[in-house]
Structures are given as structure tokens and as C-alpha cells.
Amino acid sequence: KMAQLFIALSEDRQEDVYLIYHKTMGVRTRNNVPDIHYKMAAFWFDRDTPDITGTMNVHHFTEWLHTQDPVVHLPDEYVMAGRVSVLLRAVGAAFGIRLSTAQPWRKYAEQLLRDHSLWPTPVLTPQLEV
């Protein structure tokens with residue numbers, strides 16, 4: 001599940017990110033707004049670039065997410081991976097480096113899927129224009 005998410009994030013397949021995050025991983029929000037799910041998944045597991053967070057810092061962005069569509073269910077098995085992603089990016093930011101975690105983790109995700117005969121993973125939706 002996480003491997004599929006990292007691949008979809010690394011390719012910026014927004015609708016696939018929503019489908020994986022919501023349908024496959026089981027993350028639920030009050031209204032299950034696709035754009036909010038995409039931004040949540042991208043923030044926790046990939047990046048905090050302006051296309052995701054706007055001009056908000058981490059604290060304001062997480063508050064904003066909650067006001068837009070509050071999380072009602074987040075499976076425990078994904079919490080630590082999200083925290084690690086955010087912490088790694090914070091260390092990079094302290095040195096003036098903006099990081100994506102989905103890009104470097106993609107090769108491990110692909111290998112995991114190959115090892116379990118799940119690669120290549122199907123594209124869930126056509127590539128979206130951004």
C-alpha cells in the first residue's frame with residue numbers, strides 16, 4: 001500500500017494518490033475531499049512545497065487541513081512513516097535543502113512490489129494535467 005503511494009506521489013498522479021490513500025490505505029476524513037486527501041498524503045509522505053502548503057508553515061498547514069476536512073480515521077501503521085518523512089525534510093530545511101521523500105524511496109517501493117510479483121503496478125487513472 002505504501003509502496004504504491006510512493007510511486008503515485010513520485011509521478012504526481014493526484015487522483016491515484018487520493019484513491020490509494022483513501023480506498024487502499026483506509027484514511028478517512030469527514031467529507032473525504034479528494035484534493036485534501038492528495039495534499040495530506042503529499043505533505044506527510046513526500047513534500048511541503050508551495051503547491052501543497054501554499055505559504056503556510058507546518059503548524060498552520062496541519063491546522064488548515066483539519067479545518068477543511070478533519071481526519072476521522074488514520075490507520076496506525078502509517079503514522080511513523082509520515083513522521084519520518086516530515087522529520088527528514090525538516091533536517092534538510094535546516095540546511096537550506098528542500099527534499100522530496102517519495103522520489104528517493106520510489107526505488108525501494110518498486111523493488112518491494114517486484115519481490116512480491118506486484119510490479120509493474122497498474123495506473124489507476126489516466127495521468128492528470130497539473
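Note that these values count all heavy atoms, side chains included, but never hydrogens, waters or copies made by symmetry. Nothing here was measured: the structure is a model prediction, and the numbers come from that model.
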| Out of curiosity, does Val71 fall in the hydrophobic cluster containing Met25 (side-chain heavy atoms, cut-off under 4.5 Å, transitive links)? | yes

| Over 12 non-hydrogen atoms of neighbours within 6.0 angstrom of CZ in Arg114 | yes

| message | Once rounded to the nearest 0.5 Å, what's the spacing between atom OG1 of Thr29 and atom CG of Leu74? | response | 11.0 Å

| Minimum side-chain heavy-atom gap Arg47-Ile52 below 4.5 Å | yes

| said: Quick check: is Tyr108 connected to Leu113 through a chain of hydrophobic side chains (ILVMFWY, heavy atoms under 4.5 Å apart)? | reply: no

| note | Applied to residues 56-80, the salt bridge (Lys or Arg N to Asp or Glu O under 4.0 Å) test, sequence neighbours excluded, yields none

| message | Please give me the minimum heavy-atom distance between Phe45 and Phe6, naming the atom from each residue. | response | O-CE2, 3.6 Å

| request: Measure the shortest side-chain to side-chain distance between Thr55 and Pro50 over non-hydrogen atoms and say whether it is less than 4.5 angstrom. | output: no

| task | Check whether any side-chain heavy atom of Tyr38 lies under 4.5 Å from a side-chain heavy atom of Gln14, and answer yes or no. | result | yes

| said: Whether the side chain of Asp12 engages the backbone of Leu9 through a donor-acceptor N/O pair (distance < 3.5 Å, no angle test) should be reported. | reply: no

| note | With Phe61 as partner, the option from His66, Met40, Lys39 fulfilling side chain to side chain contact (heavy atoms under 4.5 Å, CB included) is Lys39

| field | Set of side-chain contact (heavy atoms from CB on, under 4.5 Å) partners for Gln68, sequence neighbours left out | value | Ile36, Trp64

| query | Between atom CG of Leu112 and atom CE of Met2, what is the distance when rounded to the nearest 0.5 Å? | reply | 11.0 Å

| query | So, does Arg28 use its side chain to make a donor-acceptor pair with the main chain of His22 at under 3.5 Å? | reply | yes

| Hey, are Asp16 and Tyr21 close enough side-chain-wise for a donor-acceptor pair under 3.5 Å? | no

| field | Separation of Lys1 NZ from Lys23 NZ (nearest 0.5 Å) | value | 14.0 Å

| request: Specify the closest pair of heavy atoms between Asp46 and Ala102, including all atoms of both residues, with the distance to one decimal. | output: OD1-N, 3.0 Å

| task | Could you check if a side-chain atom of Ile7 sits within less than 4.5 angstrom of a side-chain atom of Arg13, using non-hydrogen atoms only? | result | yes

| message | To the closest 0.5 Å, what do you measure between CZ (Arg30) and CG (Asn32)? | response | 11.0 Å

| Any chain of hydrophobic side-chain contacts (each under 4.5 Å) joining Leu99 to Leu5? | no

Could you pull out every donor-acceptor pair under 3.5 Å between side chains of residues 79-89 and any protein atom, sequence neighbours left out?
| from | atom 1 | to | atom 2 | distance (Å) |
| --- | --- | --- | --- | --- |
| Ser85 | OG | Trp44 | O | 3.2 |
| Ser85 | OG | Arg89 | NH1 | 2.6 |
| Ser85 | OG | Thr101 | OG1 | 2.7 |
| Arg89 | NE | Asp48 | OD1 | 3.1 |
| Arg89 | NH1 | Phe43 | O | 3.1 |
| Arg89 | NH2 | Phe43 | O | 2.5 |

| query | Quick check: does any side chain N or O of Asn31 sit under 3.5 Å from a backbone N or O of Val33, one acting as donor and the other as acceptor? | reply | no

